[in-house]
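Since the structure comes first, as structure tokens, the remarks are kept for the end.
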Protein chains: 2
Amino acid sequence: MRVTIRDIANRLNLSTATVSKVLSGRESTFISEATRQRVLETAREMGYRPNRVARALVTGKTDIISLWAETLAPYHTEVVNLLMDQMRPYGFELIVTDMVKHPDWRAYCEKFPQWQVDGIIALDSPRCVRVYHEANPMVRTPLVSIGAYYLEEGDFVGVDLYSGAVEAVQHLLEAGCRRPAYLVCEYGHHVGDARYDGYISVMQQAGLEPLVIVAEQSSRPSARQRMHEYLQEHPCPDGLFCFNDEMAIGAYRALCERGIRVPDDVAIVGCDGIMDTEYLERPLSTVVQPVAEMCRLGWEFLLRRIENPSVAPQQVLLKAHLVVRDSSTRR
Amino acid sequence: MRVTIRDIANRLNLSTATVSKVLSGRESTFISEATRQRVLETAREMGYRPNRVARALVTGKTDIISLWAETLAPYHTEVVNLLMDQMRPYGFELIVTDMVKHPDWRAYCEKFPQWQVDGIIALDSPRCVRVYHEANPMVRTPLVSIGAYYLEEGDFVGVDLYSGAVEAVQHLLEAGCRRPAYLVCEYGHHVGDARYDGYISVMQQAGLEPLVIVAEQSSRPSARQRMHEYLQEHPCPDGLFCFNDEMAIGAYRALCERGIRVPDDVAIVGCDGIMDTEYLERPLSTVVQPVAEMCRLGWEFLLRRIENPSVAPQQVLLKAHLVVRDSSTRR
DNA sequence: TAAAGGTAGTTAATCGTTTACCGTTAAGCG
DNA sequence: CGCTTAACGGTAAACGATTAACTACCTTTA
């Protein structure tokens, strides 16, 4: 059986209140140093472990943060890691949920308040946030959205994907591309749309014909397969702006396999700036997300609201910036 | 304010017991269909969300699983993803903890029972398991260890890293290497040791001089930096067996940067079989972990024990197998 | 007609803490 | 000596569910 404060109290002929006050650290009334020590000592001897479930029931705090992400692809994992580093000193645990693969993310979001977490971080998950809020208008769990910019109330750390995309496509044109394509995945969410808008705007301004290649998923295998299919039926574009680095790496692999040279035949630019892009034989140009700043601010906003639920919502818009590497540098 | 079953009961002039029985799905006594519908309807109208904290306090079940991993490097993330896929149909949430970066993993493991999770999956974390058990001898939370094989009681899905390493190093010798090195990280844990043993045994049997290169961490940047340092002072080995794929990719990058050709000058073999290894210009040979099987069995064992705590512990030892790709194939 | 059994729902204890609000004791003070 | 006050700790009511045991009423059945 589990050791409870009652067991300790009985053993010492004290009340549970006294034991609780010592063990929880917050002594609302005076407890003598001698008693404190006796309690601490006995707790250690008996192997007492506080029951956080019971504690949470009365305090309303679980010390758990929930992270909603689309997937746990490398980019998202980098974010998870950075967030964990931020949170750790404050003693929170992290529950991670990848919503895209979730069989019923809608019902999950609707019923989410049942978990009683202390805060929610929504990474590029505006759909989930919307469903959650609509189903629970009266719930006020601290929530911060981070990721791609979109119209949003409440705390928010956004990244301007549009101008990042513009920068990338302009760079492709400057590198000499005349028919650069946009490689994206099927499911149209706001991240893909923002980058699409940037791509289209530059192409139109340059008077060039846009070309969009659509793969099933935003993963490496999917992009690789789609590029193979595409190249069997069509001429090769001379540039590739990709929805994310995963797709860029997948496409790159397909090009290698077909003997197409990068960057001479095709210049490639990805998005996100995951670590993998630096470790290819020909490092990948990419629009780097300011993940460190994003996580730092995101956690700052969330913690502020946890400590004081009534502070005014804060919103920040960060810039993504292009990093040019070999995959788009022609001599 | 939050809606409770008491609110529903009051509104309908029923007892909380009746409401609870309907809402929790398990009706131990008869409830008329009419009442059932009224309760369900009212719960929906009032936006009732069950309080899982309160439920957990009485049932002793939180529906939360904890995953202990060393880090969230790509290999571990693949495992996390696979485990989530397994667990999802059963309605469990996952709390992820990366222990290596944890400022005080020891205290964390000692006090872990406070979280009251329903089960623990320890991925390559024997140290944590040991500390946890020693500090909590009477606690019987279902726990399954998965990963590298080591002496272990309780449920366990292991992988025979030793023979995987042997296979890899023998392959390097067959590819013509005469002084292949083992690239590993500083902190000696059982995973590194098992692979080291395999390396040493093959080298000794072949009458060759072992050579171990030690980086600070098992990450790409660390391996890359260490290889640069090493090559400034020493001649280049003609083969590289790496602790994991991360280090292999980092080392590969360093070699590229120094103009050393792979596989002609150096043949490389990594370990784990992460997806990245397939997406390099020159795909990486690697000892693939049977992650899918590992996760499938791991979850099966854990679920079995959750449902019936007294079943006999089950242990399985899987094989890792070498996949030869371009990075070690000489013509 | 009395016992048995089924149906529908209630009572109240319980899970392990926290915490607002009360005692009790003894020292301090005029 | 009587009163105040600080020091130390206890009482008991939450928190929001679950659940064993029980009541009350209505039908069967022998």
Side-chain angles (χ1 to χ4, degrees), chain A residues 1-40 42-43 46-64 111 113-118 139, chain B residues 1-40 42-43 46-64 111 113-118 138-139 141:
Chain A
M1 278 322 271
R2 169 170 268 286
V3 179
T4 69
I5 56 170
R6 197 186 315 278
D7 299 329
I8 300 177
N10 287 343
R11 162 102 61 117
L12 294 175
N13 281 322
L14 289 170
S15 72
T16 59
T18 306
V19 177
S20 169
K21 282 169 195 164
V22 171
L23 257 24
S24 67
R26 38 181 149 229
E27 309 180 14
S28 51
T29 62
F30 295 89
I31 307 283
S32 71
E33 187 55 28
T35 308
R36 253 178 58 77
Q37 291 307 330
R38 282 201 309 153
V39 170
L40 257 23
T42 310
M46 300 177 74
Y48 170 75
R49 300 285 177 265
N51 183 330
R52 304 198 74 127
V53 172
R55 177 181 295 174
L57 184 58
V58 35
T59 63
K61 304 248 155 244
T62 53
D63 293 337
I64 294 178
K111 297 187 193 152
Q114 68 184 307
W115 290 102
Q116 304 271 99
V117 299
D118 288 354
V139 173
Chain B
M1 277 324 271
R2 172 168 265 287
V3 179
T4 70
I5 55 169
R6 196 186 315 277
D7 299 328
I8 299 177
N10 288 342
R11 163 100 64 118
L12 295 175
N13 280 323
L14 289 170
S15 71
T16 59
T18 306
V19 176
S20 169
K21 281 170 192 161
V22 172
L23 258 24
S24 67
R26 38 180 149 231
E27 309 180 15
S28 53
T29 63
F30 294 88
I31 307 281
S32 71
E33 187 56 26
T35 308
R36 252 179 59 78
Q37 291 307 330
R38 284 201 307 152
V39 169
L40 256 24
T42 311
M46 300 179 73
Y48 171 74
R49 299 287 176 263
N51 183 329
R52 303 198 76 128
V53 172
R55 177 180 295 173
L57 185 58
V58 36
T59 62
K61 304 248 156 240
T62 53
D63 293 337
I64 294 178
K111 297 186 192 155
Q114 67 184 305
W115 289 102
Q116 303 272 98
V117 299
D118 287 354
M138 61 293 186
V139 173
T141 302

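A, B, ... follow the sequence lines: proteins, then strands. Residue 1 opens every chain.
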Original post:
Is a side-chain N or O of A/Thr35 found less than 3.5 angstrom from the main chain of A/Ile31, in a donor-acceptor match?
Top reply: no

Subject >> Position toward the 5' end of DNA chain C (nearest nucleotide), B/Glu33 or B/Thr59 >> reply: B/Glu33

**OP:** Between B/Arg38 and B/Ala54, just flag the one whose closest nucleotide in DNA chain C comes earlier from the 5' side.
**Re:** B/Arg38

[X] has an atom [atom1]; how far is it from atom [atom2] of [N], in whole Å?
X	N	atom1	atom2	result
A/Phe30	D/dT5	CZ	P	15 Å
A/Leu12	D/dG10	CG	P	10 Å
B/Asp63	D/dA17	CG	P	15 Å
B/Arg6	C/dA12	CZ	P	14 Å
B/Ile5	C/dA12	CD1	C1'	13 Å
B/Leu57	D/dC15	CG	C1'	9 Å
B/Arg2	D/dA14	CZ	C1'	16 Å
A/Asn10	D/dG10	CG	P	12 Å

**OP:** Name the closest nucleotide to the A/Leu14 side chain, picking from D/dG10, C/dG9, D/dT18.
**Re:** D/dG10

Subject >> Per B/Thr4 side chain, nearest of listed nucleotides D/dA17, D/dC8, C/dT18 >> reply: D/dA17

Original post:
Is there a donor in the side chain of B/Gln116 and an acceptor in the side chain of A/Arg2, or the other way round, less than 3.5 Å apart?
Top reply: yes

Original post:
Does the side chain of B/Gln114 pick up a donor-acceptor pair with the side chain of A/Arg49 at under 3.5 Å?
Top reply: no

Subject >> Exercise: identify the closest heavy-atom pair between A/Asp7 and A/Val3 >> reply: OD2-CA, 3.5 Å

Subject >> Nearest atoms (heavy-atom pairs only) where B/Asp118 meets B/Thr62 >> reply: OD1-N, 2.9 Å

Which is true for [X] with a 4.0 Å heavy-atom rule: it touches a base, it touches only sugar-phosphate, or it touches nothing?
X	result
B/Arg52	nothing
B/Ser20	base
A/Asn13	sugar-phosphate
B/Thr18	base
B/Ser32	sugar-phosphate
A/Leu23	nothing
A/Ile31	sugar-phosphate
B/Arg36	nothing

Original post:
C/dT18 phosphate, OP1 or OP2: any side-chain N/O from A/Arg55 under 4.0 angstrom?
Top reply: yes

Subject >> Presence of B/Thr35 side-chain N/O under 4.0 Å of C/dG9 phosphate oxygens OP1/OP2 >> reply: yes

Original post:
Would you say A/Arg11 has more than 12 foreign heavy atoms packed within less than 6.0 Å of its CZ?
Top reply: no

Original post:
What about B/Lys21: does its side chain form a donor-acceptor pair under 3.5 Å with the base of C/dT10?
Top reply: yes

